[in-house]
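Quick notes on the structure that follows.
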Amino acid sequence: MEQPTDPGGPSRPATDVVPSRPAARRADLREHLPGLEPERRVTDWGRSERIEGLVDRTLGDALYHLWLRVAVEGVEHVPADGGALLVCHRAGATPLEALLVAKAVAQEHPRPRPVVPLVAPGALAQPGLAMVLPKLGAVADHPANLRRLLGDEGQLALAFPEEGGPRLLRDRYRVRRLRDHVLAAARVSRAPVVPVAVIGTEEVTPTLGRIPLPGGRRLPVSLPALLPARVTVRFLTPIDPGGPASVRELADETGAVLQRALVDLVADRGSVWLG
Amino acid sequence: MSARVLIAGLSRPLGARLAQALEADPAVDALVGIDERDPPLALERTEFVRIGTDPAALRRVLAAARIDTVVDARLLTDPAEADARTRRTVNEGDTDALVAALAATGVRALVLASSAHVYGCGAGDPAYFEEGMALPSGGTELERGLRRAEEVAGELRHRVPGARVAVLRLAELADPGGPGAPGPALARLLSVPQVVPAVAGFDPRLQLLHPDDAVAALEHAALEPLDGTFNVAGDGVLPLSELAALLDRRPVPVLPPWGAGIAAVGLRRAGLPLAPELVALLRHGRAVDNRRVKATGLRLRFTTREAALDLRRAQRVAPLVGGEPGYRYDEGLEAFLRRSPAVLGRRRAESVQDDLSGG
């Protein structure tokens with residue numbers, strides 16, 4: 001990538017110092033985004049191609065092709081460029097969907113591009129996770145981060161905005177209410193919202209119970225292995241974030257679309273394990 | 001456009017280098033520097049006045065030299081630089097006095113060299129701080145003091161109608177320091193031999209600012225009509241591990257993930273500049289969005305990576321050039337160089353020659 005060039009150069013008189021309208025200002029500032037120097041091994045967000053590639057070639061390939069035999073539908077719904085927000089439901093005890101959805105875009109899309117998984121800021125404050133998650137591309141779902149990712153840099157972000165933690169196996173594929181702060185950012189940045197329905201992952205790592213932890217959080221209990229269920233990833237028709245009257249309605253509509261797709265997928269699925 | 005500039009904090013590293021940069025600019029008609037200590041660099045035409053922020057003396061200097069622009073490079077922004085009490089006196093008390101003197105003499109432009117430390121450093125931070133974001137109210141004594149200094153500086157807009165105040169929030173300087181000036185805390189930490197102290201389990205995203213760019217930003221803010229708050233940092237954000245690799249060092253987790261603050265107390269005794277702000281930085285990292293200042297026409301010459309490489313160069317040549325005798329300010333000598341008819345006559349002759357050869 002090349003460095004963005006400033007058309008005026010250093011001698012340009014700085015008369016446009018404090019433009020007043022914030023909307024116009026953000027657009028003007030976009031041309032001043034720094035480029036990535038070719039010698040760099042890690043992006044400005046902390047993503048390391050080396051480490052991500054390593055995980056992808058080993059764990060990613062094995063799970064995607066051999067163990068979970070992922071089938072992908074509707075990948076053309078993912079925009080080829082510009083910011084877009086993929087919204088997926090949480091399923092199972094591990095963040096397996098993030099890996100599988102990112103790999104689905106990388107493998108099946110005619111113009112593959114990196115997917116930025118959004119994680120809770122709390123996860124990035126944990127020692128160890130704080131070191132590893134950014135290397136794999138994860139970014140905290142802070143509104144300012146989303147505005148930069150979706151609005152300024154035109155990246156593809158993947159959010160899991162469902163309320164609550166991992167659900168129990170008996171509640172599988174029931175979409176809970178979506179928290180709206182991520183969708184609010186998509187609306188501000190005018191980034192299309194692409195719901196992504198994933199089935200199979202609830203059976204891969206079923207949540208059998210939850211242990212209450214101090215501080216109100218609960219630790220999911222799962223099997224010590226990934227079960228070989230078949231996984232289907234279906235990208236749904238993008239939703240215009242400006243369409244619904246409010247952010248709440250946008251969140252509810254996204255949740256409803258996801259739920260309908262999940263019902264269809266579960267109804268049409270043959271064997272959970274074979275095929 | 002001509003300017004009559006006063007630099008408060010002339011003897012601070014940034015203030016002295018800014019004076020050198022402004023001396024070369026013919027648009028600067030008058031250049032006055034104030035500080036309580038001697039300037040650390042040889043200056044050509046800057047007039048040094050040994051006053052602190054004594055309001056009466058400052059008012060007289062401002063009025064007599066008809067100063068229109070004041071650059072305040074005086075704030076103690078480095079976490080490992082001074083004790084809390086000195087910092088409070090300088091950052092809060094002296095800023096009050098300075099702004100009062102400016103208001104009394106009607107100076108209409110103030111540039112304040114602040115620091116990205118005003119944003120604090122914590123777990124829920126955005127990946128890039130923007131100037132418009134609400135600042136946290138808590139934080140360490142350094143962070144609160146800097147916020148207060150920025151607020152006081154901003155009040156000049158109300159106290160002098162039409163005044164402009166440019167607050168520059170500078171990122172961590174990649175300044176190797178020199179004899180007598182140890183350099184900023186993060187640069188010192190990156191200059192520990194062979195290793196870079198880290199917090200176990202964390203690889204923070206960090207940004208550096210090359211000292212040349214910091215000086216260029218201050219000069220730009222002094223001479224162009226900048227008004228408002230601007231982040232100044234090199235392009236690009238690097239994790240500590242990559243910074244360490246650029247400096248041929250290895251990150252070594254000397255601080256435990258829990259109780260790092262307590263462990264840092266012991267390491268401070270051993271000479272590491274591990275102030276609380278720096279420990280937080282080693283854990284959570286910090287980056288600022290520098291697009292706004294770039295949009296005003298400032299060209300930053302060094303990215304974070306290039307600033308780190310330049311720091312490495314300085315680290316390598318330090319043993320070769322370190323022992324040289326530095327500059328020492330001598331009042332009589334400076335007075336001779338500035339006012340002696342012999343020197344002035346030669347300078348006049350040179351400028352005439354320049355005019356002849358140029359025309």
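What you see is a predicted model; the values in this text were computed from it and never measured. Sequence lines set the chain letters: A, B, ... in the order given, protein chains first and strands last, and positions in each chain run from 1.
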**Prompt:** Regarding B:Thr303 and A:Glu37, is there a side-chain donor-to-acceptor distance under 3.5 Å anywhere?
**Reply:** yes
**Request:** Select one option (side chain, backbone, both, neither) describing which atoms of B:Ala245 are under 4.5 Å from chain A's heavy atoms.
**Result:** side chain
**Complete:** Of A:Glu39, A:Arg40, A:Met131, the largest count of non-hydrogen pairs under 4.5 angstrom with chain B goes to A:Arg40
**Message:** Could you report the tightest heavy-atom contact between B:Leu190 and B:Arg249, atom names first, then the distance?
**Reply:** O-NE, 3.2 Å
**Item:** chain A contacts, top residue of B:Glu306, B:Arg305, B:Arg205 (heavy-atom pairs, under 4.5 Å)
**Value:** B:Arg305
**Prompt:** Is the closest basic N to carboxylate O distance between B:Glu130 and A:Arg148 below 4.0 Å?
**Reply:** no
**Asked** Between A:Gly46, A:Pro127, A:Pro121, A:Ala130, which shows the greatest number of heavy-atom pairs under 4.5 Å with chain B?
**Response** A:Pro127
**Message:** For B:Ala127, which atoms come within 4.5 Å of any heavy atom of chain A: side chain, backbone, both, or neither?
**Reply:** both
**Request:** Among B:Pro239, B:Ala200, B:Ala166, B:Gly122, single out the residue with the greatest number of heavy-atom pairs under 4.5 Å to chain A.
**Result:** B:Pro239
**Message:** Tell me whether B:Arg169 forms a cation-pi arrangement with B:Tyr119, defined as NZ or CZ under 6.0 Å from the six-membered ring centre and within 45 degrees of its axis.
**Reply:** yes
**Request:** Hey, could you give me the OG1/CG distance between B:Thr296 and B:Asp227, rounded to the nearest 0.5 Å?
**Result:** 12.0 Å
**Message:** Report which part of A:Ser48 has an atom under 4.5 Å of a heavy atom belonging to chain B: side chain, backbone, both, or neither.
**Reply:** neither
**Complete:** Most heavy-atom pairs under 4.5 Å with chain B, out of A:Gly128, A:Pro134, A:Gly122, A:Ala120, belong to A:Gly128
**Asked** Looking just at side-chain N and O atoms, do A:His89 and A:Glu97 make a donor-acceptor pair shorter than 3.5 Å?
**Response** no
**Message:** Does any backbone or side-chain atom of A:Asp152 lie under 4.5 Å from a heavy atom of chain B? Answer side chain, backbone, both or neither.
**Reply:** side chain
**Message:** Is A:Arg147 close to chain B through its backbone or its side chain, or both, or neither, when contacts mean heavy atoms under 4.5 Å?
**Reply:** side chain
**Message:** Using a strict threshold of under 4.0 Å (side-chain N to carboxylate O), is an ion pair present between A:Asp56 and A:Lys103?
**Reply:** yes
